[in-house]
Chemist: 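Below: one structure in structure tokens.
This one's a predicted model, so the numbers in the text were calculated from it and none came from an experiment. Residue indices begin at 1 and follow the sequence shown.
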Amino acid sequence: MGSILNDADRTEICRRIGSVTNASVPRWGRMDAKAMLTHLRLSALMALGELPVASKSKRVFQVFPIKHLILHVAPFPKGAPTAPELLVSTAGPVDAIRSELVSLVERIGAGPREGNGPVHPLLGRLSFREWGVATYKHTDHHLRQFGA
């Protein structure tokens, strides 16, 4: 599994983010390109601990081996529910949202590697390494959604 903390993985994800335009069409789901990029931007803010997201209190997802399977083994499911805080519409051009998302991904990649990071709404407390994997997996999922 890739990780935003890995330089090569992060570079490739940022390149793919750069390929998404207003004209990009989803292969599945209801989001358009702008909504998807905004969703990823908000998710990155959550990973940095700068956007609080309400907990779903699903203890079963927060313990080994379920948490490990979700992060490292199982594919990201199409149509999985998301926190309402991560579905806020944003004014502004796609170029600006895309640029901010790349900056946030770079910040996550330059951040700490050891210790605990913010709380994930479903998976509970994640280490910074787990956040690197979760951010990569989530971003990759949505970029594949748009053929990027």
Side-chain angles (χ1 to χ4, degrees), residues 1-6 8-109 117-148:
M1 177 56 55
S3 173
I4 293 298
L5 302 181
N6 176 290
D9 293 338
R10 187 173 60 259
T11 297
E12 181 62 16
I13 283 288
C14 288
R15 183 196 64 74
R16 290 169 61 199
I17 290 168
S19 73
V20 177
T21 69
N22 250 341
S24 299
V25 178
R27 295 175 173 176
W28 71 83
R30 293 176 285 204
M31 286 191 274
D32 62 15
K34 183 176 179 179
M36 180 272 290
L37 291 169
T38 299
H39 171 68
L40 290 177
R41 183 184 69 78
L42 294 169
S43 297
L45 288 169
M46 176 182 69
L48 288 163
E50 296 174 15
L51 177 69
V53 177
S55 172
K56 301 295 180 217
S57 299
K58 306 271 183 167
R59 177 93 175 114
V60 68
F61 295 111
Q62 299 176 8
V63 295
F64 186 85
I66 302 299
K67 182 176 172 179
H68 178 81
L69 289 171
I70 291 169
L71 283 172
H72 301 285
V73 179
F76 204 97
K78 296 175 182 173
T82 192
E85 297 93 336
L86 303 180
L87 293 174
V88 178
S89 63
T90 299
V94 166
D95 293 345
I97 299 165
R98 188 176 51 233
S99 178
E100 185 179 359
L101 173 57
V102 168
S103 293
L104 292 168
V105 167
E106 293 291 354
R107 279 183 54 207
I108 293 167
V119 174
H120 186 278
L122 182 65
L123 302 174
R125 178 73 58 192
L126 296 182
S127 69
F128 289 115
R129 290 193 186 273
E130 289 171 324
W131 270 112
V133 170
T135 302
Y136 176 89
K137 188 173 186 176
H138 182 235
T139 305
D140 174 67
H141 166 78
H142 284 293
L143 292 173
R144 283 186 295 106
Q145 177 184 10
F146 282 81

Chemist: At their closest point, which heavy atom of P121 faces which heavy atom of A54, and how far apart are they?
Modeler: CB-O, 3.3 Å
Chemist: How are the rings of H39 and H142 set to each other: parallel, tilted or perpendicular (split at 30° and 60°)?
Modeler: perpendicular
Chemist: Can you name the closest pair of heavy atoms from I97 and G92 and give their distance?
Modeler: CD1-O, 4.0 Å
Chemist: To check you understand the geometry: which heavy-atom pair defines the closest contact between R10 and V105, and what is its length?
Modeler: CD-O, 3.5 Å
Chemist: Could you tell me whether the side chain of T38 and the main chain of K34 form a donor-acceptor pair under 3.5 Å?
Modeler: yes
Chemist: Minimum heavy-atom separation for M31 to F146, with atom names?
Modeler: O-CZ, 3.2 Å
Chemist: Test side-chain contact (heavy atoms from CB on, under 4.5 Å) on W131 and I108; report intermediate values, then the result.
Modeler: CA-CA 9 Å; W131 270 112; I108 293 167; 5.8 Å; no
Chemist: Any chance you could lay out the side-chain contact (heavy atoms from CB on, under 4.5 Å) test for L86 and L51, step after step, and finish with the verdict?
Modeler: CA-CA 9 Å; L86 303 180; L51 177 69; 3.8 Å; yes
Chemist: Do R98 side-chain atoms and V20 backbone N/O form a donor-acceptor pair below 3.5 Å?
Modeler: yes
Chemist: Starting at OG1 of T139, measure out to CG of L37 and round the result to the nearest 0.5 Å.
Modeler: 10.0 Å
Chemist: Enter the distance from D140:CG to D9:CG here, rounded to the nearest 0.5 Å.
Modeler: 9.5 Å
Chemist: Taking all non-hydrogen atoms of both residues, which atom of L69 and which atom of K137 are closest, and how far apart?
Modeler: O-NZ, 4.4 Å
Chemist: Rounded to the nearest 0.5 Å, what's the gap from CD1 on I70 to NZ on K67? Could you check?
Modeler: 10.0 Å
Chemist: Treating R125 as the side-chain partner and G117 as the backbone partner, does any N or O pair qualify as donor plus acceptor under 3.5 Å?
Modeler: yes
Chemist: As an exercise, state the distance from CG of L71 to CD1 of I66, rounded to the nearest 0.5 Å.
Modeler: 11.5 Å
Chemist: Rounded to the nearest 0.5 Å, what's the gap from CD1 on I17 to CE on M36? Could you check?
Modeler: 8.5 Å
Chemist: CD/E106 to CD1/I4 distance, rounded to the nearest 0.5 angstrom?
Modeler: 8.5 Å
Chemist: Is there a side-chain contact (heavy atoms from CB on, under 4.5 Å) between L104 and L40 once you walk through the steps?
Modeler: CA-CA 10 Å; L104 292 168; L40 290 177; over 6 Å; no
Chemist: Given 3.5 Å as the limit, does a donor-acceptor pair link the side chain of T135 with the main chain of G132, or not?
Modeler: no
